[in-house]
Amino acid sequence: MIDTPGLLACRMCSRSIRSAPMELLPCFFLLLLIGTTTVVASSEPAYPGYGPDDDAEPTCGVKEEAAAVPVPERREEFDGGRILDISHYYREDMPAFESAEGTPGFLRLARSMRNGSDIANFSELRLTAHSGTHVDAPGHVFEHYYDAGFDVDTLDLAVLNGPALLVDVPRNSNITADVLESLHIPKGVRRVLFRTLNTDRKLMWKKEFDTSYVGFMEDGAQWLIDNTDIQLVGVDYLSVGAYEECIPAHLVFLEKREVILVEALNLDHVTAGIYTLHCLPLRLRGAEGSPARCILIK
Ligand SMILES: *[C@@H]1O[C@H](CO)[C@@H](O)[C@H](O)[C@H]1NC(C)=O
Ligand SMILES: *[C@@H]1O[C@H](CO)[C@@H](O)[C@H](O)[C@H]1NC(C)=O
Ligand SMILES: *[C@@H]1O[C@H](CO)[C@@H](O)[C@H](O)[C@H]1NC(C)=O
């Protein structure tokens, strides 16, 4: 069971409202409690600058009628284009590494109101830790790091958040040492998102995994480590390493735990330049990868 105490209380409450008066007792106490906290809140705001929330409804309240069903808005940009979402939304036909199937059944309604649950709807996720826009931790390719606990919960938020450069990679090559040299990324730049032919080919929008995607060759990864201050590398397909050198490239990046890898970014609608990047993986202890929400701020 996934019940939280709050929901249990709510269930008790909604049931008792509908049924025998004897059962009203627990609900009565709950409402009393809520009443008490409301009184406290109205005399002493919990946060300076914020008054009491007059619209707050008790969690146990029974909403009588819903207004006309609103249509949700789907957005890639927020606040007039100041905030750009560079994460892919999860969907069944989102490609997965070395799979032709996409991401089927990633979201399942485990308990639903239509199916007899009288409380709420609860969905369950079934995903690899490297699904969609995600980060890799050192444990992804190094057994000793995996065993030592270098999971996504150990990744540095100061690296995952801060100024970032979005660059366009020449479209006729994988990311080699020569290509990197030609990009003239200034010293001191710590985060770079590499947009490639993958974006032009809309590879993240094709369900079937495509081995011909552009990524780092081993010599490109090594050149980056040896010649730049980059600590975060972002790419626009499922792996930072080109398919034929996928593991060697990962090994170079993660060997000294110097670089955080962010993969499968959605760079369709952004222009090259400098932004503030915010990338927040889930705190999955023990996991060598995690889905992440990544945004750019202009
Ligand atoms: C729960 O899901 C059902 C579909 O099974 C839907 O009709 C209903 O509106 C949902 N209820 C809530 C509270 O989201
Ligand atoms: C509802 O329950 C039936 C029978 O157990 C099941 O086949 C169906 O998939 C369930 N639907 C949802 C939305 O969970
Ligand atoms: C990049 O490398 C892959 C193999 O890993 C290859 O199929 C693809 O053609 C290369 N792309 C370019 C633009 O050279």
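Both counts, for ligands and for their atoms, begin at 1 and track the order of listing.
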So the atoms of ligand 3 within less than 4.0 Å of a heavy atom of Asn172 turn out to be 13 (C)
Return the residue, atom name and 0.1 Å-rounded distance of the protein heavy atom closest to atom 13 (C) of ligand 3.
-> Ser173 N, 3.6 Å
Asp153/Arg283 ion pair, N-O < 4.0 Å | yes
Checking Arg82 against Phe78: charged group under 6.0 Å from the ring centre and within 45 degrees of the axis?
-> no
Closest heavy-atom approach to atom 11 (N) of ligand 3 among Thr176, Ile175, Asn174 is made by Asn174
Evaluate the ring planes of His88 and Trp205, with Trp represented by its six-membered ring, and classify them as parallel (under 30°), tilted (30 to 60°) or perpendicular (over 60°).
-> perpendicular
Which protein non-hydrogen atom lies closest to atom 4 (C) of ligand 3, naming both residue and atom, and how far is it?
-> Glu244 OE2, 3.0 Å
Do Asp229 and Arg190 meet the salt-bridge criterion of a basic N to acidic O distance under 4.0 Å?
-> no
Considering heavy atoms of the protein only, find what lies nearest to atom 8 (C) of ligand 3 and give residue, atom and distance to 0.1 Å.
-> Ser212 O, 3.7 Å
Taking the six-membered ring for Trp, are the ring centroids of Phe142 and Phe150 within less than 6.0 Å of each other?
-> no
Short N/O distance, under 3.5 Å, between Tyr243 and ligand 3?
-> yes
